[in-house]
Amino acid sequence: MSDAYLYAALRTPFGRFNGALAGVRPDDLAALALAGLLDRAPALDRAAIGDVVWGNANGAGEDNRNVGRMAVLLAGLPVAVPATTVNRLCGSSLDAAIVASRTLESGDAHVVVAGGVESMTRAPWVLPKPDRAFPAGHVTAVSTTLGWRLVNPAMPQEWTVSLGECNELLRERFPVSRERQDAFAVRSHRLAARAWDDGFYDDLVVPVEGLARDEGIRADTDPGKLAALKPSFRPDGTITAGNASPLSDGASALLLGTAAAADRIGLDPVARIAGRGVHAVEPRMFGHAPVEAADKALRRAGIGWDDVGAVELNEAFAVQALACVDAWGVDPEIVNTRGGAIAIGHPLGASGGRLLGTLAKVLRDRRERWGVAAVCIGVGQALAVVLENVGGEVSGR
């Protein structure tokens, strides 16, 4: 079997809910990321792309009807380039990369593009189809932006609480103070702002309609400002709008291939996909699922946490990120060193691609060999990928 390599990564800036990207359709966001990524590989014959695997969590509006295929057509790729869309909620684009890597390893293709998109701003309201024609009663429109909707009555009620309540329950099981959550959120904003100022993201992000930088970063935030925010889910809770990821819009794209595809791609690979892990838990504890997913990925890569030099963990909530870091026992300073989702944003279908692209560049910049990207997923799941740096010098571990 062939190894799967990451050759290039690109994403749009992540916009705030009802912010600068609110007027951009998700299929257009996807096409922009896809076209921008392929512009990084001008020598690649687009017809040589064996498949496009795209992540999307909602898929109820303009991103319906296989948004991956829509992106291929809107980006002007040959009509013979196929595409599929996968949905593993918050992990959708990381799942897309995993599917792509398996396609490459099996020999079914030598070049595959993976990615994902979400416009949480433009997620529509939906109506359930009536059981019979012309019902006399009222019908309620349901938002598809985030969380449970049109819940099956057979589902246990304790599983269908809000994502925020799930993480208040997680905080009770793995005590993480409000002060620690707020400090983690401040760190996320400050590191993201510094990374942008230092030019780290310049070659990882393609501007969209005048937005060139992630819109949600607040470089001037501090513990005092976050401490003044009221809890969002319980009167006596610890989770606030300041220590949780925001609703966001954006897209990400990844160019993957086998080692033999380097000549046709015209680029050198930057990282090898060395291990993958998927794990599931009780739906309420979804925030802790990355612990075992990452451990599985490390075992499959044949390494341990002592070998890991960088971690990109999606910050759905500060409490769940901290609970995972505590469980792994890693140095917190190697986690999300260029900021995380609390500052950058979390467009559900696009975040996994952002994590992998960022991780690969962090490994090169820090001259580390091994890194882990992980994401928790609503309804009790998580994914993780281990990357090996092959695109630069390696020192240390």
Side-chain angles (χ1 to χ4, degrees), residues 16-18 56-61 87-92 118-128 140-178 180-182 184-185 188 216 226 229-249 279-291 313-324 340-343 345-351 374-383:
R16 291 179 179 177
F17 185 81
N18 205 27
N56 180 244
N58 281 325
N87 181 353
R88 206 189 285 255
L89 302 181
C90 300
S92 294
E118 209 75 51
S119 176
M120 300 179 79
T121 299
R122 299 176 73 88
W125 294 282
V126 298
L127 294 173
T140 301
V142 178
S143 172
T144 63
T145 300
L146 182 69
W148 293 87
R149 76 288 305 246
L150 305 178
V151 178
N152 190 314
M155 192 71 70
Q157 291 186 1
E158 63 268 24
W159 287 354
T160 63
V161 297
S162 72
L163 300 177
E165 175 60 19
C166 287
N167 278 273
E168 290 288 7
L169 293 168
L170 184 73
R171 186 258 311 170
E172 291 177 345
R173 183 174 296 185
F174 303 99
V176 177
S177 69
R178 165 76 182 268
R180 193 174 170 211
Q181 293 175 55
D182 287 349
F184 184 83
S188 183
L226 294 191
L229 297 176
K230 294 182 178 180
S232 298
F233 303 99
R234 295 182 180 180
D236 60 346
T238 64
I239 298 172
T240 71
N243 59 35
S245 61
L247 305 178
S248 309
D249 308 328
H279 189 63
V281 296
E282 177 192 2
R284 292 181 297 180
M285 292 293 109
F286 76 92
H288 207 247
V291 173
L313 171 63
N314 195 53
E315 300 168 355
F317 296 83
V319 62
Q320 64 81 205
L322 287 165
C324 290
I342 289 174
H346 178 26
L348 307 179
S351 287
V375 59
C376 66
I377 301 167
V379 202
Q381 296 191 89
L383 292 172

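Below, all heavy atoms of this structure are taken into account, side chains as well, without hydrogens, waters or symmetry copies. Here the structure is a predicted model, which is why all the values come from computation and not from measurement.
- When all heavy atoms of Gly216 and Arg16 are compared, the pair lying nearest together is CA-NE, 3.6 Å.
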- prompt: Please walk me through it: do Ser143 and Thr145 pass side chain to side chain donor-acceptor pair (under 3.5 Å)?
  reply: CA-CA 6 Å; Ser143 172; Thr145 300; 3.1 Å; yes
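- Arg180 meets the salt bridge (Lys or Arg N to Asp or Glu O under 4.0 Å) test with Asp326; sequence neighbours excluded.
- The OG atom of Ser92 lies 7.0 Å from the CG atom of Asn56; values are rounded to the nearest 0.5 Å.
- Not a single donor-acceptor pair under 3.5 Å links the side chain of Thr144 to the backbone N or O of Trp125.
- With hydrogens and angles disregarded, a donor-acceptor distance shorter than 3.5 Å links the side chain of Ser245 to the backbone of Ala316.
- Arg234 is linked by a side-chain contact (heavy atoms from CB on, under 4.5 Å) to Glu165, Glu168, Leu169, Arg171, Glu172, Asp236, counting only residues two or more places apart in sequence or in another chain.
- Evaluation of the ring-ring contact (aromatic ring centres under 6.0 Å, His included) test over residues 152-177, restricted to residues two or more places apart or in two chains, returns Phe174-His288.
- Side-chain atoms of Gln181 and Thr238 form a donor-acceptor pair, as typed in the model, at a separation below 3.5 Å.
- Ser248 places a side-chain N or O within 3.5 Å of a backbone atom of Pro246 that can act as its donor or acceptor partner.
- A search for side-chain contact (heavy atoms from CB on, under 4.5 Å) contacts involving Pro175 returns nothing, not counting sequence neighbours.
- For the atom pair Cys376 SG and His279 NE2, the distance stands at 13.0 Å (nearest 0.5 Å).
- Between the side chain of Glu118 and the main chain of Pro347, no donor-acceptor pair closer than 3.5 Å is present.
- Annotation: side chain of Asn18 is not in contact with side chain of Met120 (no heavy-atom distance under 4.5 Å).
- In this structure a side-chain-to-backbone donor-acceptor pair under 3.5 Å is missing from Asn58 to Ala123.
- Residues Leu146 and Leu163 meet the side-chain proximity criterion, which asks for heavy atoms closer than 4.5 Å.
- In this view, Cys90 and His346, Leu348, Val375 satisfy the side-chain contact (heavy atoms from CB on, under 4.5 Å) rule, not counting sequence neighbours.
- At distances below 3.5 Å, not a single donor-acceptor pair connects side-chain atoms of Glu282 with backbone N or O atoms of Gly380.
- With sequence neighbours excluded, the residues forming a side-chain hydrogen bond (donor to acceptor under 3.5 Å, both in side chains) with Asp182 are Arg178, Asn243, listed by chain and number.
- Here the side chain of Gln320 pairs no donor or acceptor atom with the backbone of Leu170 at under 3.5 angstrom.
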